[in-house]
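Every chain is numbered from 1 and lettered A, B, ... according to where its sequence line falls, protein lines coming before strand lines. Every heavy atom of this structure was used, including side-chain atoms; hydrogens, water molecules and symmetry mates were not.
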Amino acid sequence: MTVTRIELLSQFVGQTVTLRGWVYDRTSKGKLHFLLMRDGSGIAQCVIFKGNVGEDVFQAFAAAGQESSIELVGTVKADARAPGGFEIDVQSGRVLQSAQNYPITPKEHGIEYLMEHRHLWLRSKKPWATMRVRHAVIMAIRNFFDERGFTCMDAPIFTPNACEGTSTLFEVPYFEQTAYLTQSGQLYAEAAAMALGRVYTFGPTFRAEKSKTRRHLTEFWMIEPEMAFATLDDVMTLAEDMLSSVVAHVLKTRRAELAVLERDVSKLEKIVTPFPRITYEEASRILLDHPDIKGTELAFKPGEDFGAPHETIISNLYDRPVMVHRYPAAIKAFYMKRDPADPTKCLSVDVLGSEGVGEIIGGSQREDDLALLLERIRHEKLPEEAFQWYLDLRRFGSVPHGGFGLGLERTVAWICGIEHVREAIPFPRTIYRLTP
RNA sequence: UCCCCGGUAGCUCAAUGGUAGAGCACCCGGCUGUUAACCGGGUUGUUGUAGGUUCGAGCCCUACCCGGGGAGCCA
């Protein structure tokens, strides 16, 4: 007997197969059960006639609640009445474990309740589709870098100090010392780039900021490519190539999942290179004159960083991600290289996702001059001793280099059209959620 | 850390300061084409916690707990 998966049913029309999975939903009509079965790969309607399977099996399935684990043997039929177009005419089956009172019904639930039951909620259609897209995004990113000669070199998660010296970090005991959970692998990626040329890190990142917005998690996954012999333009080109390539891969391989998510794919089909590039100054002028915020509390103040409403205004001007570059050096990290054409600016770029989702990438060309970098570290009052190894990268064969950090959950949420990043990761960690 | 909103049945919600309700879920019965099935019957409460005002509090007041939305910070 052929054991198969629901996503492959179209290859087995007319044949008898075995399916293993769980009861997603059931409606019964006298001597007939319509059973929606899911197996992780999809959902199939299974028709159980009492006369075909016998009284005992029929009763067992009548008593099996939502999410009972089951095994069925039946013939695959094409039937327009079945969701998905195929159904199983069941000949025999058994209930492995009969579940009762499954907490998540096909009816509506609030987000708190669903998050409290995240370990079960993952079985529902929307999380299922989101996780399948997340996987496709991960694979697309890894393939993209692999094809371009990048080596994956992951950074440590325990670190001795703040990478950028700004965010609040999680402290953990580390034998006789205190360690911090990494907030960025970038400085390590720079060291790796000097060794391997083109590298990327792909790992978890931690921020102890008490953020409470749809864009923040305390634990999230970040991809940080770093290239030796690269300028800001090279960094921007890499970013747009990567994002467009990832979106194309998802469109090619995850159409069904995007349909479950009710995503407007025409919006995604517009994500092709080149992406618009505007300077911070140009963006500032747009914001200063924008009628929605001019003269309000949200009014943009020149020289300051963009707030969430500002990012939304800028990103809504375009049908694809927009790259805002050359921010004021004063509001950006110490390691970003100054713009030779205007030393008050730095060679940085933020990529704002389309449809108003905000920043999904932050990157820059790095300061490669030892003296200037040291001056920045002292000016920011960072612990100079802790940065000696980083300064070594400028003492021994310094070259122009740069890279960026991509937030995986923000990218997945953007592609899926999901409002909140907590739904773009299997088990989200937020300020008020450490369980399940 | 700051601002706003919420917490009532397993879930989603309603209830002018005056007897705590509905839909769904669940249980029993009926039905061989359901798609959020349908029809008949049934079960379901420490109104987040503690105190206060009042003849009387789910409702008003205070504190606390829990959560949601936003700001800041950032990916």
Distance check, [atom1] atoms only: [N] and [M], in whole angstrom units.
{"N": "G48(B)", "M": "C66(B)", "atom1": "C1'", "answer": "7 Å"}
{"N": "G52(B)", "M": "U16(B)", "atom1": "P", "answer": "26 Å"}
{"N": "G10(B)", "M": "A71(B)", "atom1": "P", "answer": "35 Å"}
{"N": "G40(B)", "M": "U46(B)", "atom1": "P", "answer": "30 Å"}
{"N": "G17(B)", "M": "G69(B)", "atom1": "C1'", "answer": "30 Å"}
{"N": "G45(B)", "M": "C4(B)", "atom1": "C1'", "answer": "30 Å"}
{"N": "A9(B)", "M": "C26(B)", "atom1": "C1'", "answer": "12 Å"}
{"N": "U54(B)", "M": "C59(B)", "atom1": "P", "answer": "16 Å"}

Hey, does [X] reach any base, or is it just sugar-phosphate, or nothing, if we go heavy atoms under 4.0 Å?
{"X": "Gly65(A)", "result": "nothing"}
{"X": "Gly110(A)", "result": "sugar-phosphate"}
{"X": "Thr411(A)", "result": "nothing"}
{"X": "Glu419(A)", "result": "nothing"}
{"X": "Leu406(A)", "result": "nothing"}
{"X": "His216(A)", "result": "base"}
{"X": "Ile361(A)", "result": "sugar-phosphate"}
{"X": "Gln45(A)", "result": "base"}
{"X": "Lys212(A)", "result": "base"}
{"X": "Tyr113(A)", "result": "sugar-phosphate"}

Check: Below 4.5 Å, heavy atoms only, C-beta onward: do Phe306(A) and Ser284(A) meet side chain to side chain?
Finding: yes
With a 4.0 Å cutoff (strictly under), does any side-chain N or O of [X] reach OP1 or OP2 of [N]?
{"X": "Lys29(A)", "N": "U32(B)", "result": "no"}
{"X": "Arg215(A)", "N": "G69(B)", "result": "no"}
{"X": "Arg422(A)", "N": "G69(B)", "result": "yes"}

Atom-to-atom span, [atom1] of [X] to [atom2] of [N] - whole angstrom:
{"X": "Glu112(A)", "N": "G48(B)", "atom1": "CD", "atom2": "C1'", "answer": "11 Å"}
{"X": "Arg26(A)", "N": "A36(B)", "atom1": "CZ", "atom2": "P", "answer": "16 Å"}
{"X": "Arg207(A)", "N": "C74(B)", "atom1": "CZ", "atom2": "C1'", "answer": "6 Å"}
{"X": "Ile431(A)", "N": "A71(B)", "atom1": "CD1", "atom2": "P", "answer": "15 Å"}
{"X": "His420(A)", "N": "A75(B)", "atom1": "NE2", "atom2": "P", "answer": "18 Å"}
{"X": "Asp25(A)", "N": "G33(B)", "atom1": "CG", "atom2": "P", "answer": "18 Å"}
{"X": "Gln100(A)", "N": "C11(B)", "atom1": "CD", "atom2": "C1'", "answer": "17 Å"}
{"X": "Lys332(A)", "N": "C73(B)", "atom1": "NZ", "atom2": "P", "answer": "10 Å"}

Write down the partner of [N] under the Watson-Crick or G-U wobble criteria, each distance required to be under 3.5 Å.
{"N": "U53(B)", "value": "none"}
{"N": "C73(B)", "value": "none"}
{"N": "C59(B)", "value": "none"}
{"N": "A22(B)", "value": "U12(B)"}
{"N": "G40(B)", "value": "C28(B)"}
{"N": "G67(B)", "value": "C5(B)"}

Next item on the list: Could you pick out which residue, Gly307(A) or Thr218(A), lies toward the 5' side of RNA chain B when each is mapped onto its nearest nucleotide?
Entry: Gly307(A)
Note to self: Using heavy-atom distances to pick each residue's nearest nucleotide on RNA chain B, tell me which of Asp79(A) and Ser28(A) is more 5'.
What the structure shows: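 It is Asp79(A), whose closest nucleotide lies nearer the 5' terminus.
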Counting heavy atoms from C-beta on, name the nucleotide in [options] closest to the side chain of [X].
{"X": "His109(A)", "options": "A37(B), C11(B), C73(B)", "result": "C11(B)"}
{"X": "Glu209(A)", "options": "C73(B), C11(B), A75(B)", "result": "C73(B)"}
{"X": "Thr105(A)", "options": "C73(B), U32(B), A25(B)", "result": "A25(B)"}
{"X": "Glu311(A)", "options": "C74(B), G68(B), G33(B)", "result": "C74(B)"}
{"X": "Asn101(A)", "options": "U34(B), C26(B), A75(B)", "result": "C26(B)"}
{"X": "Ala308(A)", "options": "G33(B), U1(B), A71(B)", "result": "A71(B)"}

Checklist line | side chain to side chain contact (heavy atoms under 4.5 Å, CB included) evaluation trace for Arg26(A) with Gln66(A) | finding: CA-CA 8 Å; Arg26(A) 182 191 62 237; Gln66(A) 196 185 347; over 6 Å; no
Note to self: Show, in sequence, the C-alpha distance, side-chain angles and deciding distance for Tyr335(A) and Gln186(A), and conclude whether the side chain to side chain donor-acceptor pair (under 3.5 Å) test is met.
What the structure shows: CA-CA 10 Å; Tyr335(A) 52 73; Gln186(A) 187 209 307; 2.9 Å; yes
Next item on the list: Let me know which of Arg215(A), Arg429(A), Arg422(A), Arg134(A) forms a salt bridge (Lys or Arg N to Asp or Glu O under 4.0 Å) with Glu409(A).
Entry: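 With Glu409(A) as partner, Arg215(A), Arg429(A), Arg422(A), Arg134(A) yield a single salt bridge (Lys or Arg N to Asp or Glu O under 4.0 Å), made by Arg134(A).
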Notebook entry, point to check: Does the ring centre of His33(A) sit less than 6.0 Å away from the ring centre of Phe61(A)?
Noted result: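 No, ring centres 6.0 Å or more apart.
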Checklist line | Aromatic ring proximity, centroids under 6.0 angstrom, Phe275(A) and Tyr318(A) | finding: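 Ring-ring flag for Tyr318(A)/Phe275(A): false, centres at least 6.0 Å apart.
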Check: Using 4.0 Å as the upper bound for N to carboxylate O, is an ion pair formed by Lys270(A) and Asp319(A)?
Finding: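 Salt bridge between Asp319(A) and Lys270(A), a charged N being under 4.0 Å from a carboxylate O: no.
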Note to self: Run the side chain to side chain donor-acceptor pair (under 3.5 Å) test on Tyr200(A) and Arg142(A) for me, step by step, so that the C-alpha distance in whole Å, both residues' side-chain angles and the decisive distance to 0.1 Å come before the verdict.
What the structure shows: CA-CA 9 Å; Tyr200(A) 70 101; Arg142(A) 290 204 183 271; 3.2 Å; yes
Notebook entry, point to check: Going by ring centres under 5.5 Å and near-parallel planes (under 30°), is Phe34(A) stacked on G33(B)?
Noted result: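 Not stacked: fails the 5.5 Å / 30° test.
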Item checked: Donor-acceptor pair (no angle test) under 3.5 Å: Arg410(A) side chain, C74(B) base ->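 Result: at least one qualifying N/O pair found.
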Margin query: Apply ring-ring contact (aromatic ring centres under 6.0 Å, His included) to residues Tyr180(A) and Phe206(A) and explain how you reach the verdict.
Written below: CA-CA 9 Å; Tyr180(A) 301 88; Phe206(A) 308 88; over 10 Å; no
